[in-house]
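Take a look at the structure set out below.
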Number of protein chains: 2
Amino acid sequence: MSRQSDRTADPATTGRTAPEPPSADELLRLDRQLCFSLHAASRAFDGLYRRVLRDTGLTYPQYLAMLVLWEYGEMPVKRLGEYLRLDSGTLSPLLKRMQSAGLVRRERSAQDERSVTVRLTAEGAALKERAQGVPLKAIEASGLGLEEAVELQARVRRLTAALDAALADEEKL
Amino acid sequence: MSRQSDRTADPATTGRTAPEPPSADELLRLDRQLCFSLHAASRAFDGLYRRVLRDTGLTYPQYLAMLVLWEYGEMPVKRLGEYLRLDSGTLSPLLKRMQSAGLVRRERSAQDERSVTVRLTAEGAALKERAQGVPLKAIEASGLGLEEAVELQARVRRLTAALDAALADEEKL
DNA sequence: CACAATTAAGTTGTGCACAACTAAAGGGTA
DNA sequence: TACCCTTTAGTTGTGCACAACTTAATTGTG
């Protein structure tokens, strides 16, 4: 049941691109395919982790925050945001929910009253044991080998860097 | 300014994996890197499109919906959701906003009163011209060549299929 | 035909992401 | 010291995503 457009061949699906530059319509079609794929992949990934994390009670973003805290220990909100690429507008309510769940505490720093230090509670630290199985399940479900996962990670990281640079460097675009 | 853990070597960053299976801690670290990268890449992509789409007034998900409608024309909400991998819980309010913006109309189908057909308005169809420049700007900002973009698209699509299959096939996980 | 099961769309509630803004603390310089 | 500027969190408002549920129309089967 092909749902292909009946008008023209589609270089993005045939894998053959004509030597002349693609038309605006062809670019829109490629854009559709690439954007859809990335957007859908991101949400599929979220869905997988939602499922795998179910019995830990964590959401996917909360799991990401816990991964940082498990690995590096307590740190200011600011630094956590740098790791997670999130600002306080997202982190403040996220951390508030995690505090309500008993996973972390937040305390104003004594040295710098502007800064708030995020610490794991005993419960939060203990949750690491229950999350031990998560990465393996996720990698298995992704159908990627370890090597492939590492390579994909590097590639995607370069992509992010390029996108952020484009956004930051040229205010025009 | 390495922020590496001081305890063990990190196969995910050194690019060398020991022959023995990775420890649970190493898997958590790899998981952190891969999840972060994918999640951050997705949001960086969103951010780029948010910027590039600014003067069209479209959000990124709205642009994705418009891409489908521009390419394939009117269709039921159900089918639009299949293209976009979105259910009515997301699509209903999204389409309502797009209708308020004058981009689409929604009409109950006469043949099947359960179904709602989504159609572009003249204004919505005309917006395609103003969006002609979007894909090129996006691809340039991503630092990908056309070939690379196509290949990445295929790879990411396979990943999504694997994830969805894992979610659907085994209710255990 | 009658009635249960299915399907399509919408609604409700929760959480994430981000822009724009506010509040408070810290740092630098005239 | 007094003032301004920067930094750090937090708040507000909007939109997306999804689970769970509701409503209404259609289909299938006895």
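The basis for the numbers below is simple: all heavy atoms, side chains too, and nothing from hydrogens, waters or symmetry mates. By convention in this document, chain letters (A, B, ...) are assigned in the order of the sequence lines, proteins followed by strands, and residues within each chain are numbered from 1.
- Remark: Thr59(A) is not in phosphate contact with dT14(C), judged by side-chain N or O atoms under 4.0 Å from OP1 or OP2.
- Relative to the side chain of Val77(B), the nucleotides dT26(D), dA24(C), dG10(C) differ in distance, and dG10(C) lies closest.
- Atom C1' of nucleotide dA19(D) and atom CZ of Arg85(B) are separated by 14 Å, given to the nearest angstrom.
- Salt-bridge check for Glu151(A) with Arg155(B): passed, with a basic side-chain N closer than 4.0 Å to an acidic carboxylate O.
- Residue contacts for Asp112(B): at a heavy-atom cut-off of 4.0 Å it reaches the sugar-phosphate backbone alone, with no base atom in range.
- Comparing dA17(C), dG10(D), dA24(C) against the side chain of His39(B) picks out dA17(C) as the nearest.
- Counting only distance, with no hydrogens or angles, the side chain of Ser88(A) and the backbone of Leu91(A) share no donor-acceptor pair below 3.5 Å.
- Across all strands, Leu91(A) comes closer than 4.0 Å to no nucleic acid atom at all (heavy-atom distances).
- When the P atom of dG15(D) is taken as reference, atom CG of Leu58(B) falls 13 Å away, rounded to whole Å.
- Glu107(B) has its CD atom 13 Å from the P atom of dG10(C), to the nearest Å.
- Per the geometry, OH belonging to Tyr49(B) stands 19 Å off C1' belonging to dG15(D), to the nearest Å.
- Contacts of Thr90(B) with the nucleic acid, taken as non-hydrogen atoms under 4.0 Å apart, include base atoms.
- Of all nucleotides listed (dG10(C), dA17(C), dT7(D)), dG10(C) comes nearest to the side chain of Ser88(B).
- If you take CG of Leu80(A) and C1' of dA17(C), they are 15 Å apart, rounded to a whole angstrom.
- With the nearest nucleotide of DNA chain D identified for both Arg43(A) and Lys78(A), Lys78(A) has the one nearer the 5' end.
- As judged by a 4.0 angstrom heavy-atom cut-off over every strand, Arg54(A) is placed among residues making no nucleic acid contact.
- Note on Ser115(B): only backbone sugar-phosphate atoms sit closer than 4.0 angstrom, heavy atoms only; bases stay farther off.
- Side-chain proximity of Val116(A) to dA25(C), dA9(C), dG10(D): nearest is dG10(D).
- Comparing dA9(C), dA19(C), dA17(C) by their closest approach to the side chain of Asp87(A) singles out dA19(C).
- Residue Ser92(B) has a polar side-chain atom (N or O) positioned under 4.0 Å from OP1 or OP2 of dG10(C).
- If you check the side chains of Ser42(A) and Ser42(B), you find a donor sitting under 3.5 Å from an acceptor.
- Close placement of the Tyr49(A) and Tyr63(A) rings is indicated, their centers lying within 6.0 Å of each other.
- With rounding to whole Å, Glu82(B) atom CD is found 12 Å from dT7(C) atom P.
- An OP1 or OP2 oxygen of dA9(D) is reached within less than 4.0 angstrom by no side-chain nitrogen or oxygen of Lys96(A).
- For the pair Leu94(B) CG and dT11(C) C1', the interatomic distance rounds to 16 Å; values are reported in whole Å.
- Ring pair Tyr83(A)/Tyr72(A) is parallel by interplanar angle, where below 30° counts as parallel and above 60° as perpendicular.
- Contact annotation: Arg106(B) reaches the phosphate of dG10(C) (side-chain N/O to OP1 or OP2, under 4.0 Å).
- In summary, the aromatic rings of Tyr60(B) and His39(A) are positioned with their centroids under 6.0 Å apart.
- Ranked by how close their nearest DNA chain C nucleotide is to the 5' end, Ala110(A) and Leu86(A) are led by Leu86(A).
- Atom-to-atom, CG of Asp46(A) to C1' of dA17(C) comes out at 12 Å; the value is rounded to the nearest Å.
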